[in-house]
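Below: the structure, in structure tokens.
Throughout, protein chains are lettered first and strands after them, A, B, ... in sequence-line order, and every chain is numbered starting at 1. Just the heavy atoms: all of them, side chains too, but no hydrogens, waters or symmetry mates, feed the values below. The model shown is predicted, which means the values in this text are computed figures rather than measured ones.
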Amino acid sequence: MCGIAGILLKNGDSGIDTGPALIDMLDGCQHRGPDSTGFALYESGEEGQLKLRFHVGSDNEAGGAIASLKQVFDEHGARIIEEERIAGSYRVVVRFRGDLQKFSYAVEHAAKVVSIGESLEIVKDVGGAHDVDDTYDVHLFRGSHGLGHVRLATESDVKPEASHPFWATGFADVAIVHNGQITNYWKMRRRLERRGFAFATDNDSELIAVYLADKMNQGIPLKDSLASSIDDMDGTFSFLVSTRDEIGYAKDRLAAKPMIMFENDDLIAIASEEVSLNRLFPGRALDTREPPPGSYRTWSRSI
Amino acid sequence: MVTIDLKDLSTREANEGIREAAARGDTVEVLNPDARHHIGVGVIHAVDIHVRGSAGYFCAGLTDTPRFHIERNAGWGLADNMYRGSVVVGGNAGAIAGVAIRGAEVVIRGNMGSRAGQVMKKGTLLCCGNANFMAGYMMYGGRMIILGESGERLGEDMTGGEIFLGGDLVSLGSDAMVTDIAEDEIDDIRAFLDRYEVPFRGSFRKIVNAGKKLRYGTPERQVRSIPYFNFSGDSDYWNHKVQEDVYIKSQIGRYRVRGYGGARELPHLADLAFARDIVPGAVGEDPVSRVRMHTLIGGKNGAKPLDLTMPVLIAPMSYGALSRSAKQAVAIASGMAGIAENTGEGGMSDAQRDAAGQLIFQMLGGRLGWNIHDMNRADGLEIYISQGAKPGFGGQLMAKKVTKELAEIRGIPAGIDLRSPSRHPDILGADDLVIKVEELREATGYRLPVSVKLGAGRIHDDIKIAVKDGFDFVELDGMQGSTGAGGAEVMEYVGIPTISAICEAERALASIGRRQDIEIVLMGGLRDGVDAVKAMCLGADAVALGTAAIIAGGCIACMQCHVGQCVTGIATQDPDHEKRYKPEIEAQHIYTFLESVRWQIAAITCGLGYDDVRGPCRDDLVALTPEAAEITGLPLCPERRNAGLPEIDAAMERALR
């Protein structure tokens, strides 16, 4: 029950920055989800360095969580380069060169992981786009691409950790925002769990992220992973996925969830509603396209 | 020409400006629309409205006679429920374009999204580009012209109307077929295309309903009705009703359809009792004058609330399930009692509007009888999601009851077994719902309370959505609620009991700290003032009575409402049967019953030591059975089973003397 948005800048000439653009786009569709707002932001990082974000809660609770995290870092040879606490979250950059999946499952036991990646950082919290920006300074992000999500909590609670975007637990730099409901969630999840994957939440969007990351890990391109996701997932969905260098979308065959996109020489922007796209170009009638049912596509940033 | 610049205005201000200008007959120009939602909803004057850019959801929705010109694209639900008038879209339109139109002409120069023309009834929807998935889904009438590709499953479950396809046919939907096209039909299409300056010289294929699903295969044999008490309660396992069910299913090979609610014993308000005896003398003379019963419902968000002389409403029941005369009697009685009546599914009649002091207008997925003019003369608007008797299912109206007159009001073909859609074309989730609620508010200038009718299923989640989507109140319906026709097994086994519904709702709202933001009207098998007070003790702000009011007005509870040959003239559309019903006389009976409800509510409130109906609370109740205690969390006190309400009975006897 939500609204989604994504943007990829093809070059630096658009006059548009990802952070402010996503804030505008999400503010435009905040009516679809007033409970919480989140961003998946990509800024190129340093080789061999990981950016990690956690929900650690407040004061005492946070202190304990951070202490356990540091212990895990030590055990896995992750050296802290910078760290900071923002509201109930903890951001840390570490130098790490081990098995990422093992490392991420280990930190997952110490605190609630929001994201891990060389370039990905997920910021999400209760409140609207501007509330989250006020706390986390999303508008300062200048990266090449990103996703955003506004959420109306229906079945699960209004908590930062239940907000989107979801990180593909165990896989660096993969994030997802999803509008809809995967009805064969448990079947798909058991299938992945049997192969050793762990899930941090019961949210169906995390499943899509892990599903895609697993495919890509097997060397299957994002585009083909999206194609098979349409066959494998039951239910209603319009989702956006991002990796270090790409964004893509997939839409179910029932076309029950909205999605609309705008592309020009400078950028590709996708959102639940055109009103979000129009926020980027006020006063202009855009030449937009609605993706057909059962379709998918990807775009790469120029590297 | 009046210019409205959305750059400087809220949508609400803009729409007020558009409507005012339209009322004066001025042409309107909307600048900087920037794909904002609800542009121009609720306009009922024949003026030109130019949208200089792209429009968002529901542009031109809930209108009659205006002519919209949208320069570029339109979002979901273009021209929703538009009666007369026209919309021309220069670019593409999103999903469900032309949803539920009833005479409008909608022209889309580009492509259109999925499920275009869903439940449309009359008028023309033209798409110059490609259509998409399930165009013409569940359409009841009118004409759709597609010049490009059809998309998958064209005409899926269409009931009536015609689709003319100029491009490739990707695939046909269920119960749709290609048929021959007449010369004059092609001439008509050409004339329409010329009028909108659309150059197209190709040929057409015509798609219509194939007629395989409009009626149940084998009709259900009519049987002598078995009285309710012979098969409910402590009856034998293989009782007459069970035998009858098995026998009839052996003939028809499907589920049975019948009227009324479930007959299975379920935890109910009767399994609760008041926690203490009412002290003799506490009720006294004329409790009604000593208890504050005046109740306002629906004013939480600034709308004009329903103003009720007691916390009671009439539950939604449709003209269709019930005869016009029966609806009229209920409306008259509600007016006499100073409470609110509800149209149910089948539209609003003048007689009903005039008789009812306050009238809630209900919107269902089929949009049968739904229109802006009746919205404007309603006192409340209600979005039906489901009902307690059959959560998750649409209404059923057997062919016998789908008369020409009724079909006309609903905008559907006469003589079909009408199975109303179980879901709304434009509400596929809480996120769409919030935009829909806003559309209703925008179209009526935020004057009216907007409520949601919820059949109790996953109430814990649903009630949270209701409050988050900004509804003013919820009509919460437990599984003991009745219906004019429903699948028998669904009525018996789907849903949760009325007391579970209210308790789950209270817990869910408390868990997010939002109880004060919405009002709850509880219904579902409530029989009298005693049930009403118990419901309010559990948290309800008011209650609604349906079946009880119908019985008061002469119903004999034979449960054959679906057949259409109701001997009392209540659940029928047959004039010979209906003429037996005397609305004025039955209205008096219903009114008298409602006054007994008023008296009981007052007497019990008084007897429990309060002078306001909002006084009685959970502390005043106990549970009589382990099940009821588990559901409600009330203390289990089976010893109160025989306590009864002797003082109330005695006082009532005195009052009647």
Does a side-chain N-to-carboxylate-O contact under 4.0 Å join B:Asp432 and A:Arg32?
-> yes
Heavy-atom distance under 4.5 Å to chain A: side chain of B:Ile435, backbone, both or neither?
-> side chain
Do you know which of B:Ser511, B:Ala508, B:Gly53, B:Ser54 has the most heavy-atom pairs with chain A at a distance under 4.5 angstrom?
-> B:Ser54
Over 12 foreign heavy atoms within 6.0 Å of NZ, B:Lys436 = yes
With a cut-off of 6.0 Å (strictly less than), are more than 12 heavy atoms of other residues, nucleotides or ligands near CG of B:Asp8?
-> yes
What heavy-atom pair brings A:Ala256 and B:Trp76 nearest, and what distance separates the two atoms?
-> O-CH2, 3.5 Å
Considering only heavy atoms, which portion of B:Arg115 lies under 4.5 Å from any heavy atom of chain A: side chain, backbone, both, or neither?
-> side chain
Hey, is CZ on B:Arg423 packed in by over 12 heavy atoms from elsewhere, all under 6.0 Å?
-> no
Count the heavy atoms belonging to other residues, nucleotides or ligands that lie under 6.0 Å from CG of A:Asp265, then report whether that count exceeds 12.
-> no
Can a donor-acceptor pair be found between the side chains of B:Asn92 and A:Glu290 at a distance below 3.5 Å?
-> no
B:Asn73 and A:Glu274: side chain to side chain contact (heavy atoms under 4.5 Å, CB included), yes or no, with the steps?
-> CA-CA 9 Å; B:Asn73 305 322; A:Glu274 188 155 339; 3.3 Å; yes
For the atom pair OG (B:Ser114) and CZ (A:Arg253), what is the distance rounded to the nearest 0.5 Å?
-> 13.5 Å
Engaged part of B:His37 at the chain A interface, taking heavy atoms whose separation is under 4.5 Å = side chain
Inspect the contact between A:Asp35 and B:Lys468 and indicate whether a charged nitrogen and a carboxylate oxygen are less than 4.0 angstrom apart.
-> yes
Is chain B contacted by the side chain of A:Ser272, its backbone, both, or neither, given a heavy-atom distance below 4.5 Å?
-> backbone
Per-residue tally against chain B (heavy atom, under 4.5 Å) across A:Pro258, A:Pro282, A:Gly28 peaks at A:Pro258
Intermediate values then yes/no, side chain to side chain contact (heavy atoms under 4.5 Å, CB included), B:Asp469 and A:Leu152 = CA-CA 9 Å; B:Asp469 278 354; A:Leu152 187 150; 3.3 Å; yes
If you draw a 6.0 Å radius around CD in B:Glu152, do more than 12 non-hydrogen atoms from other residues or ligands fall strictly inside?
-> no
Measuring heavy-atom distances to chain B, does A:Arg279 have an atom under 4.5 Å in its side chain, in its backbone, in both, or in neither?
-> neither
Look up atom CE in B:Met134 and atom CG in A:Leu254, then write down how far apart they are to the nearest 0.5 Å.
-> 7.0 Å
Quick one: closest heavy-atom pair of B:Asp34 and A:Arg284, and the distance?
-> OD1-N, 3.9 Å
Around atom CZ of B:Arg52, are there more than 12 heavy atoms of other residues, nucleotides or ligands at under 6.0 Å?
-> yes
Going through the distances and angles, do B:Arg72 and A:Thr288 end up as a side chain to side chain contact (heavy atoms under 4.5 Å, CB included)?
-> CA-CA 9 Å; B:Arg72 190 64 66 89; A:Thr288 56; over 6 Å; no
Heavy-atom proximity to chain B below 4.5 Å, by part of A:Ile260 | neither
Which of these passes side chain to side chain contact (heavy atoms under 4.5 Å, CB included) with B:Asp431: A:Glu273, A:Arg151, A:Lys257?
-> A:Lys257
